[in-house]
Every structure is written in C-alpha cells, then in structure tokens.
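Here the structure comes first, spelled out in structure tokens, and everything after it is commentary.
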Amino acid sequence: VFMKIETSRYSNIGIYNGDLLIVDRAKKISQNSLVIYESEGHFVLGKVCNIKRETIITGSIIHVIHTVKET
C-alpha cells in the first residue's frame, strides 16, 4: 500500500510533508516497528510501543520516499 504524507507532524522522525510511504500489510510487526493505524477516522503513524493494545494496525512502514523540492 502507498500512502502520501500531507502534514509536517512527523518531521522529527525524518518523514516530511509530501513524502510517500510504502506500507507492508503482511510484514511481521515488532515493538519498535513504525506502523500505520486508524484513530478517530484518520490514519496515523506511530511506533507499536506507543499505541494502545486494542488499536487495529493497518501495516508496517517499510520504505519512505522523500519528495524532491524544486528551488
């Protein structure tokens, strides 16, 4: 699954507005996996260790493609 980031909220972990994420829905997930999950009708990025146990995880992020900004 591909997902485009449309916020600068994740810049602290190196994911920026306009980046493209590749999400693997079949990959085994560990406590340190960076994942996509649904919260209040929105998809959110987070580490497994920081989300509630009952949360449904959509998939694990396996690649981040950074957008090249023209000057």
Side-chain angles (χ1 to χ4, degrees):
V1 175
F2 295 92
M3 180 178 173
K4 184 176 180 182
I5 296 296
E6 295 181 346
T7 180
S8 56
R9 178 178 176 194
Y10 304 109
S11 60
N12 61 327
I13 58 173
I15 299 173
Y16 303 97
N17 189 24
D19 285 355
L20 185 65
L21 305 180
I22 301 175
V23 181
D24 188 339
R25 296 181 65 197
K27 184 179 179 198
K28 185 176 179 182
I29 295 171
S30 69
Q31 282 293 80
N32 289 322
S33 293
L34 191 56
V35 296
I36 300 294
Y37 63 96
E38 191 173 343
S39 176
E40 299 177 9
H42 294 73
F43 288 110
V44 182
L45 203 94
K47 283 202 171 191
V48 171
C49 60
N50 295 332
I51 60 176
K52 298 176 186 174
R53 287 201 179 267
E54 62 273 3
T55 301
I56 297 173
I57 296 173
T58 303
S60 181
I61 297 169
I62 58 172
H63 296 287
V64 177
I65 301 171
H66 293 291
T67 302
V68 177
K69 306 227 187 255
E70 293 185 34
T71 56

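The first residue of the sequence shown is numbered 1, and numbering continues consecutively from there.
Residues Asn17 and Ser8 approach most closely at CB-N, 4.3 Å, considering heavy atoms. Of all the heavy atoms in His66 and Asp19, the pair that sits closest is ND1-OD2, 2.8 Å.
In this structure, Asn50 contributes its side chain and Lys47 its backbone to no donor-acceptor pair below 3.5 Å. Of the possible polar contacts, none joining the Ser60 side chain to the Lys27 backbone as a donor-acceptor pair under 3.5 Å is found.
With side-chain heavy atoms closer than 4.5 Å counting as contact, directly or through intermediates, the hydrophobic cluster containing Ile29 also holds Val1, Met3, Ile5, Tyr10, Ile13, Ile15, Leu21, Val23, Leu34, Val35, Ile36, Tyr37, Phe43, Val44, Leu45, Val48, Ile51, Ile57, Ile61, Val64.
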Test side chain to side chain contact (heavy atoms under 4.5 Å, CB included) on Phe2 and Leu20; report intermediate values, then the result.
CA-CA 7 Å; Phe2 295 92; Leu20 185 65; 4.0 Å; yes
